[in-house]
Amino acid sequence: MTNDTFRRQSGPFRAGDRVQLTGPKGRMNTITLETGGEFHSHRGVLKHDEIIGQPDASVVLSTNEVEYLAMRPLLTDFVMSMPRGAAIIYPKDAAQILAQADIFPGATVVEAGVGSGALSLWLLRAIGPTGTLHSFERREEFSDVARANVTAFLGATPSNWDITLGDLAETLPEVAEPGTVDRIVLDMLATWECLDVAADALTPGGVIICYIATVTQLSRVSEALRRTGQFTNPESSETMIRGWHVEGLAVRPDHRMIGHTGFLLTARRLAPGTVLPELKRRASKSDFSDEDVEAWTPGSLGERSSSDKRLRKTARHAQAVADASVAAENSAE
């Protein structure tokens, strides 16, 4: 299926569309519209046929005269509620990745690892139908969840996207020719192990951006980038979002905010043979031992990994949503 047959993101509702229903108390439910279908709740029945044909962002009534606001889910809404095999990159960080890495239409992008497919969706939207996204994932269960989530949102599997199973350091040379990749996004524990192969794949001036969980990892990756001698000096940042309550004269910061989720580290590929004067300087305490590396593993950091049983269940759930989405989209054509 070609990219121009993806589910529409605007216009009147039609069968096969995913719709987010918001009730009077702000509770949201997401449904896939079907001719003759019904949405049941303790507030009555809402017939899908009452929604089909209505403009996006319309108010519809249930049989009990309860009002629901019907809207297509934004990509942000979808990624925050989709089945997860691994922790997702939050929209605030995805937006910064697109900006800091300068992801552009037609770009050739490498992503590792794929996680649950949240960032893949943002990247696919940014590169457009003329770009190419190569995703890499070590665990097949994660790749199954990601592929199903992307298919569920788009209504088809993009022809310009592929997932390769295995270590990036071993498989990237098999997928991309040297100097042909515009952007590389790395979301993995031992990022420093893949910097040489990333440098080989990147075109001169290309951008590498790393999503990093901890301060110690940030330090190690930054120093490793400098030691390669193939990148500009890396720049690091983190993004925090604090909402505000604004109602009349009651204007104040929200009590809760989205704080630290991860660091972003960016650098650009130097032309072969180029040496930066700054590379002659070495930051203090830049040496690392095997004990240091061990201290940065997920187990030592208290991170819990998903069991194989839970991943298989999540993959089945994600695939069921994807199958229903594709079937509904095909029946609407």
Side-chain angles (χ1 to χ4, degrees), residues 1 5-85 88 90-92 94 116-118 121-122 125 145 148-157 241 243-248 250-252 254-258 313-333:
M1 189 171 289
T5 61
F6 288 163
R7 177 176 292 109
R8 298 174 311 143
Q9 297 300 319
S10 62
F13 293 122
R14 68 178 185 181
D17 284 347
R18 292 176 63 83
V19 176
Q20 185 173 272
L21 300 174
T22 304
K25 292 187 177 181
R27 183 176 180 179
M28 292 185 294
N29 292 275
T30 302
I31 63 174
T32 299
L33 294 179
E34 300 176 7
T35 303
E38 295 179 339
F39 169 71
H40 293 258
S41 75
H42 68 283
R43 297 181 181 276
V45 177
L46 181 60
K47 297 182 181 297
H48 291 195
D49 291 341
E50 296 293 326
I51 305 175
I52 295 174
Q54 294 290 331
D56 199 349
S58 294
V59 173
V60 292
L61 296 177
S62 71
T63 54
N64 288 358
E65 300 295 316
V66 175
E67 294 182 333
Y68 286 89
L69 176 62
M71 293 190 295
R72 284 189 177 85
L74 302 177
L75 180 51
T76 297
D77 301 321
F78 180 82
V79 300
M80 294 302 294
S81 61
M82 69 187 189
R84 301 182 187 181
I88 66 168
Y90 277 74
K92 71 180 183 70
S116 296
L121 281 164
W122 291 106
R125 175 173 285 182
V145 173
N149 283 332
V150 170
T151 301
F153 183 77
L154 297 178
T157 301
I241 293 182
W244 278 69
H245 171 88
V246 181
E247 188 173 348
V251 180
R252 55 170 174 75
D254 285 340
H255 296 304
R256 301 180 64 182
M257 67 176 290
I258 303 176
K313 181 179 180 181
T314 303
R316 289 195 298 270
H317 178 202
Q319 189 59 53
V321 174
D323 291 343
S325 176
V326 172
E329 187 71 11
N330 291 337
S331 65
E333 295 177 354

Under the side chain to side chain donor-acceptor pair (under 3.5 Å) test, which residues partner [X], sequence neighbours left out?
| X | value |
| --- | --- |
| Gln20 | none |
| Ser58 | none |
| Ser62 | none |

Q | Min side-chain heavy-atom separation Trp122-Thr76 under 4.5 Å | A | yes

Q. Side chains of Leu61 and Glu67: closer than 4.5 Å at any heavy-atom pair?
A. yes

Inspect the surroundings of [atom1] in [X] and state if more than 12 heavy atoms from other residues, nucleotides or ligands are less than 6.0 Å away.
| X | atom1 | answer |
| --- | --- | --- |
| Phe13 | CZ | yes |
| Met28 | CE | no |
| His255 | NE2 | no |
| Arg252 | CZ | yes |

Q: Test side chain to side chain contact (heavy atoms under 4.5 Å, CB included) on Met71 and Asp77 and set out the steps.
A: CA-CA 11 Å; Met71 293 190 295; Asp77 301 321; over 6 Å; no

Q. Residues two or more places apart in sequence or in another chain: which of them pass side chain to side chain contact (heavy atoms under 4.5 Å, CB included) with Ala322?
A. Ala148, Thr151, Ala152, Gln319

Q: Return the set of residues passing side chain to side chain contact (heavy atoms under 4.5 Å, CB included) with Ser116 (not counting sequence neighbours), or none when no residue passes.
A: Met82, Arg84, Ala86, Ile88, Val145, Asn149

Q.
Closer than 3.5 angstrom, by distance alone: can the side chain of Thr63 be matched with the main-chain N or O of Val45 as a donor-acceptor pair?
A. yes

Q) Taking the side chain from His48 and the backbone from Glu34, do they hold a donor-acceptor pair closer than 3.5 Å? A) yes

Q: Can you spot which of Val79, Ile241, Ile258 makes a side-chain contact (heavy atoms from CB on, under 4.5 Å) with Pro91?
A: Val79

Q | Of Val66, Val60, Asn64, the residue whose pairing with Leu46 passes side-chain contact (heavy atoms from CB on, under 4.5 Å) | A | Val60

**Q.** Partners meeting salt bridge (charged side-chain N to carboxylate O under 4.0 Å, His left out) with Arg72 (sequence neighbours left out)
**A.** Asp17, Asp56

For [X] against [Y], the heavy-atom pair lying closest together:
| X | Y | value |
| --- | --- | --- |
| Gly16 | Thr32 | O-CG2, 3.8 Å |
| Ile51 | Ala70 | CG2-CB, 4.4 Å |
| Arg14 | Leu33 | O-CD1, 3.7 Å |

Q) Of all residues at least two apart in sequence or in a different chain, which pass the ring pair (Phe, Tyr, Trp, His ring centres under 6.0 Å) check with Phe78? A) Phe153

Run the side-chain donor-acceptor check on residues 35-42: report pairs under 3.5 Å with partners two or more places apart or on a different chain.
| residue | atom | partner | partner atom | Å |
| --- | --- | --- | --- | --- |
| Glu38 | OE1 | His40 | NE2 | 2.9 |
| Glu38 | OE2 | Lys47 | NZ | 3.0 |
| Ser41 | OG | Arg43 | N | 3.1 |
| Ser41 | OG | Tyr68 | OH | 3.2 |

(Q) Nearest 0.5 angstrom please: Leu69 CG to Leu21 CG, how far? (A) 8.5 Å

